[in-house]
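Counting starts at 1 for both ligands and their atoms, following the listed order. Bear in mind the structure is a predicted one, so any value in this text is a computation, not a measurement.
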Amino acid sequence: MTAHAPLPPAPPIGVLVELTHRCPLGCAYCSNPLALERPAAEIDTQTWARVFSEAAALGALHVHLSGGEPTARRDIAAITRAAAEAGLYTNLITSGVGVSEKLWGELVASGLDHAQLSFQGTDKATNDRYGHYEGAWEKKRAFAAMVTNAGLPLTINAVIHRGNLHQVGAFIELALELGARRLEVAHTQYYGWALANRAALMPPKAEVMDAIALVEAARPRLSGQLVIDMVVPDYYARYPKPCAGGWGRVAINISPSGKALPCHAAESIPGLEFWNVKDHSLAEIWRDSPAFRAFRGTDWMREPCRSCERREIDWGGCRCQALALAGDAAATDPACHKSPHHAGIEAMAAAEAKTGPSAIRWRSYKEKVEA
Ligand code: SF4
Ligand code: FES
């Protein structure tokens, strides 16, 4: 196999738009950057509408309306309508706590296709604690009912960590009870706030393996009823995930202020130049933006990735994690067992998993630290 050049890229499959970093929840595992963008910097409805037209023209098929909490934008229905009118499949990724029946009606009328609802636990105490929002449990359940009553497909998103790992089986039951068609069991990925809270969130390996086995046993039993996707924890993996589907290969993230990012944590890598949708078309960004070209393809790789048979399967793993754990964004992701850092991070994870309750840095505009 020879290294292949970064151009020309195929069109992105989808665009994830972080409409705002505002959010009523304060999840300890939030992957948003520690430096959240302020509301005054958010781009307007018309600019989003242009971006959606450009995304469709480029060949993208779907848009994920995300955040923060996307429904914190007063123009969320107009934004949804613009995406639908551009011909994109629209997926709302929401905490569900701020959506009134009136707003939900407007979203459906605007052409929303799908809703993805997060739960932080399968009982009120766990859910409200890890979302750092009292009363979220009831509101989320009410939101799920609005989605299914409207006949829209519902996905439940469960981010798993040491505090709720024992509830993986109960998450499956909750998804079935709420009428979801899909459940995402996503182990915490340690970026942003989750990296800051890693010691408090890291689960023990043996319990992770039990949870993975539980999901694998449930899949055939629930075939045709519930699809269960699973993201396994990097630190205990043998191979890394193809982060973002490979850098600059299939997806674009756009920040609230319009910065186009190859992945949600790309701004953690110093020296990258991010173009803004206010200044460049999406086609220009996708083709020529220095940030998208930085790690596209395989030319940038070093050993052991460069000559590895999996280099066009996992694309060297995650650049942001390589920087965070190996100090070099062009290094092999330490989640890979071929990385010289792999044994060290697995030992660190095992040690962190044994720590007792640790102080949590809840996600917030105003820093708040509580045990
Ligand atoms: Fe993937 Fe690189 Fe590991 Fe090979 S060495 S499996 S390409 S991360
Ligand atoms: Fe940036 Fe993985 S989060 S490449």
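- No part of Ser339 comes within 4.0 Å of ligand 1, judged by heavy-atom distances.
- Here Asp234 contributes atom CG and Thr188 contributes atom OG1; the two are 10.5 Å apart, rounded to the nearest 0.5 Å.
- Listed by number with element, the atoms of ligand 2 under 4.0 Å from a non-hydrogen atom of Cys263 are 1 (Fe), 3 (S), 4 (S).
- Listed by number with element, the atoms of ligand 1 under 4.0 angstrom from any heavy atom of Tyr239 are 6 (S).
- Among the atoms of Cys305, an N, O or S atom falls under 2.8 Å of atom 2 (Fe) of ligand 1.
- Of all the atoms in ligand 2, the ones that sit under 4.0 Å from a non-hydrogen atom of Cys320 are 1 (Fe), 3 (S), 4 (S).
- Taking every non-hydrogen atom of Arg311 and a distance limit under 4.0 Å, the qualifying atoms of ligand 1 come out as 7 (S).
- Atom 4 (S) of ligand 2 has as its closest protein heavy atom Arg319 N, 3.4 Å.
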task: Might you work through the side chain to side chain contact (heavy atoms under 4.5 Å, CB included) test for Val227 and Leu222, ending with a clear yes or no?
output: CA-CA 7 Å; Val227 175; Leu222 298 173; over 6 Å; no
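- Near Cys336, meaning under 4.0 Å from any of its heavy atoms, are these atoms of ligand 1: 3 (Fe), 5 (S), 6 (S), 8 (S).
- For ligand 2 and Tyr191, the ligand atoms under 4.0 Å from any heavy atom of the residue are 2 (Fe), 3 (S).
- Looking only at heavy atoms of the protein, atom 5 (S) of ligand 1 is closest to Lys338 CD, 3.6 Å.
- Listed by number with element, the atoms of ligand 1 under 4.0 angstrom from any heavy atom of Gly316 are 8 (S).
- Listed by number with element, the atoms of ligand 2 under 4.0 Å from a non-hydrogen atom of Cys243 are 2 (Fe), 3 (S), 4 (S).
- The shortest distance between side-chain heavy atoms of Leu61 and Leu88 does not fall below 4.5 Å.
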message: Run the ring pair (Phe, Tyr, Trp, His ring centres under 6.0 Å) test on Phe292 and Trp275 for me, step by step, so that the C-alpha distance in whole Å, both residues' side-chain angles and the decisive distance to 0.1 Å come before the verdict.
response: CA-CA 9 Å; Phe292 277 79; Trp275 286 1; 9.4 Å; no
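- Between Asp314 and ligand 1 there is a heavy-atom distance shorter than 4.0 Å.
- For atom 4 (Fe) of ligand 1, the closest heavy atom belonging to the protein is Cys308 SG, 2.3 Å.
- Of the listed residues (His187, Arg198, Glu352), just one forms a side chain to side chain donor-acceptor pair (under 3.5 Å) with Tyr235, and that residue is Arg198.
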message: I'd like to know whether Arg141 forms a salt bridge (charged side-chain N to carboxylate O under 4.0 Å, His left out) with Glu177, so could you lay out the CA-CA distance, the side-chain angles of the two residues, the decisive distance to 0.1 Å, and finally the verdict.
response: CA-CA 10 Å; Arg141 293 179 63 91; Glu177 181 206 331; 2.4 Å; yes
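- The CD atom of Gln189 lies 7.0 Å from the SG atom of Cys243; values are rounded to the nearest 0.5 Å.
- Between Thr155 and Leu183, every side-chain heavy-atom pair lies at or beyond the 4.5 Å cut-off.
- Using cut-offs of 30° and 60° on the angle between ring planes, the pair Phe119 and Trp137 is perpendicular.
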